[in-house]
Amino acid sequence: MFCEEHLMKTLGIHTNYIRITSTEPAMKAAEEITEHSYAYDGDCIVVFIGVEKSDEEAPNVVAKKLAADTLKRAETLKVKKVIVYPYVHLTQDPSNPRTALQVLKKTAELLSGQLDVDRAPFGWYKGFEISAKGHPLSEWSGVFTADEEEEKKEKEEKAPREKFTKFVLVDLDGNIFEITPDEFTKCGIFNKKEPVYKLLKRFVGNELGHGVDTEKTPKHIEFMRQQELVDYCEVSEKGHFKWYPKGLFIQKLILDYAARIAHEWGAMEMKNPIIIKSDNNIVGELMGEFHERDYKVDGGRGTCYLRYASDPLGFPFMQNVRFSYKQSPLKVYEEASCFRNEQEGEVSGLKRVRNFMMTDMHAACANVDEAKVEFETLCKRFRDLMNDIVARDRWVLGWEGTIEFFEQNTEWLIGICKEMRVPSFFKLMPEMTHYYAIKNEFQSITEDESNIQVSTVQWDVKDGERFNIGHVDEDGKKHPSAVILHASSFGSIERTLCTILENIAIDINQGRPAMFPVWLAPTQVRIAPVKDSFIEFGEELCAKFNNAGIRADIDDRPDTVGKKIRNAEKEWIPYILVVGQQEMDTGELMVRIRTAREQVKMTFDELTAKIKGETASMPFRPLPLPRRVSRRPIFFG
RNA sequence: GCCAACGUAGCUCAGAUGGUAGAGCGGCGCACUCGUAAUGCGCAGGUCACCGGUUCGAUCCCGGUCGUUGGCUCCA
């Protein structure tokens, strides 16, 4: 039980008027305010609140109790106005500012239905002038706390891990293994010989809360700067990056690829704004409790938020699209730049950023059968994406969903699992707590053994109705979509690049050469003339490659051949050609092949055909930097 | 937001009980014109993250801020 000093204390005063002046911020977590003075003349209740450390366990329960009590008093006193006033000095052991603000906001929110509520700014030194009525009921103190049961309830709601009650593994042959969080390591599936089961074990461990301490700085951070891809930006906030030409080039190629997937799937590309008005009800519903994760912006016409996900704008967009059953499912695609105001200390390299680019697909499906077809198509597409670009065979599939959906669709789901050719891990819950009945996450297991989510496909059964998205049926009436599929080929471009770089780190550990897939390599062929007099010949060769749709450049700096090779190797260039008299005479090229670590004689046509074969059906963009290496500036290092 | 470590030249890093600093690489210049991972010589680069305190004097000691990384929390 709680002892007295752990209970939240409040002081309520029935007043004739109150005036508040905010002087200066008392802490970093101070709210942003525009008005520094506030006055209310007339009957009102001022509630001074000190939030306790112990309230961190169940802030919402405490707020609910306080709101109920305040409401009762307001009724008795026939007052319509309440001022919620943060007063930390009521407690010896205050909660963290976040919880305090949460309690204050929640209390105000709960009261605002029936009363006119204002909140004094949080985190400021304030002066106030107050006139108390002085009648017997005009002052009171309150003590509030959650009892253990309520506290447990809120905790359970808060802890996502505990909402899952059933855990299932599926092997490559479609066999099902049910496990428990405590004894999952004993599951027979981990005795199988294929190495991918080690990854599965790692993933299940991470998910069930036995994560590994990496203690190392991630490799991708080193690479992203060394290779002149992405870098920290001191002009902006932490978690926002500047992109160098090579990094931006890779980003755009990945976006090209994502757009291609979407188009092939049949989606139409559209685009929404990045600013959301805060007073939009329907979006407010989606925002839920996550206001503190949002970036606030104010153009002087009231508060707005930077979009934190694609749905809050994507759904209203689809709501207003008219389509008939003949055009169903409605498929749209968007490159959505999203902003999340992540806590200090959460942001790390490209793994967790505050601004990221999602490639988001949606399909509004008329019925379950339609949705199943699309769901399967997307899963297979993303399987290939994971294998071809991101993580080769170093990934597994995580699932979340309801027990009911799993049991009713077991055969279908297992069929998909088998198609993925990697094992699956299902976390299942007795009740649907989100908009989806089932979703999967394509998880890459990285060098430090943590996992990074890349693609996802989600089966949404709620938002068709909630947002009134639907098709016009034969009867001429609009019918809400039974299922809306959400799918993101690249959950974020930043994380995708992170995953690619982390996979390169694994390659290095396994003794393989570091390199991007050839279609993503900024330079595919580096030409190194043996001396200056061959630069012209090299230039011609370079132009020939470029015309053939291959990114070739030429190292025309006055270095030795050894130096040019070394520099090209440091840039992870897949093909290096040293050109001189021999090449000019014979027309044959001596090709240094990075993957094979060997030199092979090839003709221009042979090399072109080889590269074309390796990059077949992948997007192409020309060199992001000057063809002559001597003309390039240094962006880093 | 909490705890810890770190912040010296463009990069990687040395360094001094407190007397304002050095290497390698890179850059620039000159010479070299070279056949598969570093050609030679020379030159220029620093408010030692920022702000304040102690001190005759601080890059070094103390406090704060910012930034980076790890851990916790969190990740709709």
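The structure presented is a predicted model; accordingly, all values stated were derived computationally and were not measured. Within every chain, numbering begins at 1; the chains are lettered A, B, ... in the order of the sequence lines, protein sequences first and strands thereafter.
With its ring centre under 5.5 Å from that of the base six-membered ring and a plane angle below 30°, A:Tyr308 counts as stacked on B:rA76.
A salt bridge does not link A:Lys351 to A:Glu494: none of the charged side-chain nitrogens sits closer than 4.0 Å to a carboxylate oxygen.
Note on A:Arg597: every side-chain N or O is 4.0 Å or more away from OP1 and OP2 of B:rA37. Put simply, A:Lys564 has no side-chain N or O that comes within less than 4.0 Å of OP1 or OP2 on B:rA37. Distances shown here put every side-chain N or O of A:Tyr232 at or beyond 4.0 Å from the OP1 or OP2 atom of B:rC66. Side-chain N/O atoms of A:Thr560 include one lying less than 4.0 angstrom from OP1 or OP2 on B:rU39.
Within 4.0 Å (heavy atoms only), A:Ser533 reaches no atom of the nucleic acid at all.
Taking every heavy atom of residues 572-585 of chain A and every atom of RNA chain B, pairs under 4.0 Å involve A:Val578, A:Gly580, A:Gln581, A:Gln582, A:Glu583, by number.
A side-chain N or O of A:Tyr435 and one of A:Gln458 form a donor-acceptor pair less than 3.5 Å apart.
Rounded to whole angstrom, the span from the NZ atom of A:Lys531 across to the P atom of B:rU36 amounts to 15 Å. A:Arg526 places its CZ atom 19 Å from the P atom of B:rG35, with the value rounded to the nearest Å.
B:rG26 makes up no base pair with any nucleotide shown, lacking Watson-Crick or G-U wobble contacts both under 3.5 Å. Nucleotide B:rU55 has no partner under the Watson-Crick or G-U criteria, as no pair reaches both atom distances under 3.5 Å.
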